[in-house]
Amino acid sequence: RAGNSPYVVSPTLIRLQSVTLAEIASFAAILEDADQGLVISELRLNDAEPGNGNSPERWSSDLKLTQTIYSANVRNR
């Protein structure tokens, strides 16, 4: 629950490995859906693999996808 509100916050951790920055950005843009309460709440870039003249750097990345869901079943504590 988000405090005493009627909302439940559900995070999902996603790890991407050996991807370009463009691929990370595209993936994140596809995942987010504000109408469904889905947002990327964290994005962390880790260890880059150097590119060469023909290929870009490749990265490992951690994303946290968070969904906020309305749930009317709030219990008073």
Side-chain angles (χ1 to χ4, degrees):
R1 290 241 174 252
N4 290 326
S5 77
Y7 293 93
V8 175
V9 177
S10 177
T12 301
L13 301 175
I14 301 167
R15 171 160 288 174
L16 303 174
Q17 295 181 328
S18 192
V19 293
T20 65
L21 290 177
E23 290 169 331
I24 295 168
S26 294
F27 184 70
I30 289 167
L31 284 178
E32 281 200 318
D33 185 345
D35 292 338
Q36 297 296 317
L38 289 167
V39 296
I40 302 294
S41 56
E42 288 183 28
L43 176 97
R44 181 174 304 156
L45 295 174
N46 306 310
D47 309 322
E49 301 168 15
N52 60 37
N54 298 324
S55 64
E57 292 179 326
R58 301 188 79 72
W59 295 78
S60 294
S61 177
D62 296 318
L63 292 92
K64 184 188 287 184
L65 179 66
T66 303
Q67 184 171 28
T68 303
I69 305 164
Y70 179 79
S71 176
N73 299 329
V74 177
R75 295 181 182 163
N76 294 327
R77 295 181 196 194

Undergrad: Just to verify, what does E42 make a side-chain hydrogen bond (donor to acceptor under 3.5 Å, both in side chains) with, not counting sequence neighbours?
TA: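 Scan of E42 (side-chain hydrogen bond (donor to acceptor under 3.5 Å, both in side chains), adjacent residues dropped) gives K64.
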
Undergrad: Under the side-chain contact (heavy atoms from CB on, under 4.5 Å) test, which residues partner S60, sequence neighbours left out?
TA: Q17, N46

Undergrad: Not counting sequence neighbours, which residues clear salt bridge (Lys or Arg N to Asp or Glu O under 4.0 Å) with D62? List them please.
TA: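 Checked D62 against salt bridge (Lys or Arg N to Asp or Glu O under 4.0 Å); matches are R15.
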
Undergrad: Report the hydrophobic cluster partners of L21, with the cluster defined as I, L, V, M, F, W, Y residues connected by side-chain heavy atoms closer than 4.5 angstrom, directly or transitively.
TA: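 Other cluster members: I14, L16, V19, I24, F27, L31, L38, I40, L43, L45, W59, L63, L65.
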
Undergrad: Can you sort out the partners of N52 under side-chain contact (heavy atoms from CB on, under 4.5 Å), two or more places apart, ordered by chain and number?
TA: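 Listed in chain order: N54, S55.
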
Undergrad: Does anything in residues 30-41 form a side-chain hydrogen bond (donor to acceptor under 3.5 Å, both in side chains)? List the pairs, not counting sequence neighbours.
TA: S41-T66

Undergrad: How many angstroms lie between OG in S18 and CZ in R58, if you round to the nearest 0.5 Å?
TA: 4.5 Å

